[in-house]
Amino acid sequence: MRYSVSSNAQVRVRFAPSPTGWLHIGGVRTTLFNYLFARKHGGKFLLRIEDTDTERSEQKYTDDILSSLKWLGMEPEEPILYQSKRFDLYKKVADDMVSKGQAYRCYCTEAEVEATREQMMKEGKKPMYARTCRNLTAPPTGREHAPFAIRSKFPLTGTTSFKDMIRGEISFPNEDLDDFVIIRSNGVPTYNFVVVIDDIEMKISHVIRGDDHINNTPKQMYLYAALNHLAPPDGDAPKVPMFAHLPMILGQDKKKLSKRNGETSTNAYREQGFLPEALLNFLVRLGWSHGDQELFSMQEMIDLFNLENVQVSGAVFNTEKLMWIAGEHMKKADPTRLLKIIQTDFGKCFSGVSLPRLKEPLTIELIKHIQQKVKLVKEVAEQLHPLLEKGVMPVDSSGLKWNKDADTKQKVKNGIESLIELGRKKLLGNNSLAEAGVGHADIDGILRGICEQHGIKLGDFTGPMRLFVTGQATSAIGLFDLLPILHWSDIEERLQACLKA
RNA sequence: GUCCCCAUCGUCUAGAGGCCUAGGACACUGCCUUUUCAAGGCAGUAACCAGGGUUCGAAUCCCUGUGGGGACGCCA
């Protein structure tokens, strides 16, 4: 909160997800803060795939992370580092630590370790490894050829502390810290180990991550000290990066956001039709603020972002606010771009419509109006669908007010007949009234005129028309705007259907 | 249980000792327009976890308590 960035160091940050699940929305927020920080300081944003868990890592998840980041517009600026390709290196570093007495071979079985852990829990202590093998000079008898893990030889006394850029000084008594495993008995390295090796090699200047990593930091501090010799000789990278631990994103139940208490998959938001900039705007306000400002363009986020204004406590993921922000960004979006997204992501919404109709300029005109009222791209597509259909569509007219009043019903029909006639006259051989120079205000005048002439209320008149022309009782586009845009032939067919209702 | 972190309206937040009878936003409620719908405008309800200090003065600093969350893996 109170620490600023030293100006001469090159800022290099990374997002380091493990491909064991779809890109989590919390990961997107972490990425966003890293990305904004890099942009703001003229640094670089990098990506590292932490696929050391060979059991659970899957290619499809890596693909998902990559495609989601691309969708969000936050792509890495240097080649992606895959940890699974570097096992040999990690092993060598670990062996080196063993030979220097910074780590040791542990011959305990998982069951043995688990047993002591449970025992300590019962005694009211923090469950830790009993350090059985810490001072061994040779393998225990009978286990000479047994597989062994490699553990860090973490100091037993003193304290380990670091200065968090968001929270200030955080320190841990060393006696509470474990001799954590750095290489599993199957030879695969663990997270806390490789993260340090890679951050050193990638010359990461600032580690910005979720605060669930606070407790890992002292372990990593130990490793930074032990692996100091790995730091690049050019000295342009800090020996130990600065840390900034971001508050968690919480579900409605105030617990860490997970599948159980909210939608966590980034893809789901894309499929629902959120604009990426809307999602990002919502996410940036979860834990960060700039005075009273709520709406930010990507450029504004970059210009305004800073770690000083990052919040310390967790933030509940609030879907209502997301929806509001989505609507605000929708209003500002370029309609041509919206059409493109509709075509690539929401083609399925157009069953029964010949897609070439999407290319007609009238589509853009329709989108311009629709986007003012809806929040999601999918909604734009759904609103567009019936409008682009040729001719009549099935409608449910049972809810119409005129069902209760035969007199009005007849008057409205008379009015519609007048409208059809008038429309033809105004069309002057064009496809649509708009092409003939008829606009919103003209339609307003025409409809009001007809209502006056036939002695009906505007609301009674527009209700049935809206239903038959849009196929829906309510629509995201006003009738006054819609009538000029659509092909008059389609409107006429639909109004004829209305007359028969 | 142990360690770490946190604590302002229901939610996101502003707040860096006096500008705070605590501001904005979402949501909610009401009103206006009711001569088009899911628009727009206006207004309102609503919070400094508790107790002790420090200070002329505390939402803001300190301590304690309470509450919440996170971490305690040969997951990341």
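Worth knowing before you read on, the calculation uses all heavy atoms, side chains too, and leaves out hydrogens, waters and symmetry mates. Here is the naming used below: chain letters follow the sequence lines, and residue numbers restart at 1 for every chain.
- Heavy atoms of His440(A) sit under 4.0 angstrom from at least one base atom.
- The partner of U36(B) is absent, by the rule that a Watson-Crick or G-U pair needs both atom distances under 3.5 Å.
- Under the 4.0 Å criterion applied to side-chain N and carboxylate O atoms, Asp179(A) and Lys153(A) are not assigned as salt-bridge partners.
- For Asp53(A), the side-chain atoms get nearest to C75(B) when compared with the rest of C3(B), C75(B), C37(B).
- Under the ring-ring contact (aromatic ring centres under 6.0 Å, His included) criterion, no residue pair touches residues 445-472 of chain A, with sequence neighbours excluded.
- For Lys331(A), whose side chain is taken as the heavy atoms from C-beta onward, the closest listed nucleotide among C26(B), G40(B), C3(B) is G40(B).
- Contact annotation: Lys401(A) does not reach the phosphate of U36(B) (side-chain N/O to OP1 or OP2, under 4.0 Å).
- For Thr52(A) and A76(B), the shortest distance from a side-chain N or O to OP1 or OP2 is below 4.0 Å.
- For the pair Asp198(A) CG and A76(B) P, the computed distance is 12 Å after rounding to whole Å.
- Between the side chain of Thr190(A) and the base of C74(B) there is no donor-acceptor pair of N/O atoms closer than 3.5 Å.
- Looking at the side chain of Ser475(A), the nearest of the listed nucleotides C3(B), C37(B), A76(B) is C37(B).
- Between Phe154(A) and Tyr222(A), the ring-plane angle classifies as tilted under the 30° and 60° cut-offs.
- Here Ser161(A) pairs with Glu169(A) under the side-chain hydrogen bond (donor to acceptor under 3.5 Å, both in side chains) rule; sequence neighbours left out.
- Atoms CD (Glu114(A)) and P (G73(B)) sit 8 Å apart, rounded to a whole Å.
- Around the CD atom of Gln59(A), the shell of radius 6.0 Å holds more than 12 heavy atoms that belong to other residues, nucleotides or ligands.
- Phosphate proximity of G73(B) to Arg151(A): absent, as no side-chain N or O sits under 4.0 Å from OP1 or OP2.
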A correct 5'-to-3' footprint of nucleotides 5-12 of chain B, with B, S and - meaning base, sugar-phosphate only and no protein heavy atom under 4.0 Å, is SSS---SB
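- Annotation: side-chain hydrogen bond (donor to acceptor under 3.5 Å, both in side chains) contacts involving residues 275-285 of chain A, sequence neighbours excluded, comprise Glu277(A)-Arg337(A), Asn281(A)-His329(A), Arg285(A)-Glu294(A).
- The nearest whole Å value for the distance from the CG atom in Asp179(A) to the P atom in C74(B) is 11 Å.
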* Between His145(A) and Tyr107(A), does a ring-ring contact (aromatic ring centres under 6.0 Å, His included) hold up when you go through it step by step? -> CA-CA 10 Å; His145(A) 303 290; Tyr107(A) 296 86; over 10 Å; no
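- Note on Ser289(A): a side-chain N or O is less than 4.0 Å away from OP1 or OP2 of A14(B).
- One atom, CZ of Phe468(A), and another, P of C37(B), lie 19 Å apart when rounded to the nearest Å.
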Can you name the atoms? Protein N/O to nucleotides 32-35 of chain B N/O, anything below 3.5 Å, with the distance.
from	atom 1	to	atom 2	distance (Å)
U35(B)	O2'	Arg448(A)	NH1	2.8
U35(B)	O2'	Arg448(A)	NH2	3.2
U35(B)	O2	Arg448(A)	NH1	2.4

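- For Phe296(A) and Phe305(A), the ring centers are positioned 6.0 Å apart or more.
- The side-chain hydrogen bond (donor to acceptor under 3.5 Å, both in side chains) analysis of residues 457-472 of chain A, with sequence neighbours excluded, yields the pairs Lys401(A)-Asp460(A).
- A cation-pi arrangement is absent between Arg151(A) and Phe180(A) under the rule of less than 6.0 angstrom and at most 45 degrees off the ring axis.
- No contact: Glu452(A) has no heavy atom under 4.0 Å from any strand.
- Between the CG atom of Leu467(A) and the C1' atom of U36(B) there is a distance of 14 Å, given to the nearest Å.
- Nucleic acid contact for Asn216(A): base, since at least one base atom lies under 4.0 Å from a heavy atom of the residue.
- Note on His213(A): a base of the nucleic acid sits closer than 4.0 angstrom, heavy atoms only.
- Annotation: Phe33(A) is not in aromatic contact with His206(A) [ring centroid separation under 6.0 Å not met].
- Using a 4.0 Å heavy-atom distance criterion, Arg117(A) is classed as a sugar-phosphate-only contact.
- The phosphate of C72(B) has neither OP1 nor OP2 within less than 4.0 Å of any side-chain N or O from Lys219(A).
- As rounded to whole Å, 12 Å separates atom P of A39(B) from atom CD of Glu328(A).
- An aromatic stacking contact between Phe461(A) and the base of U36(B) is absent, as defined here by ring centres under 5.5 Å apart and ring planes under 30° from parallel.
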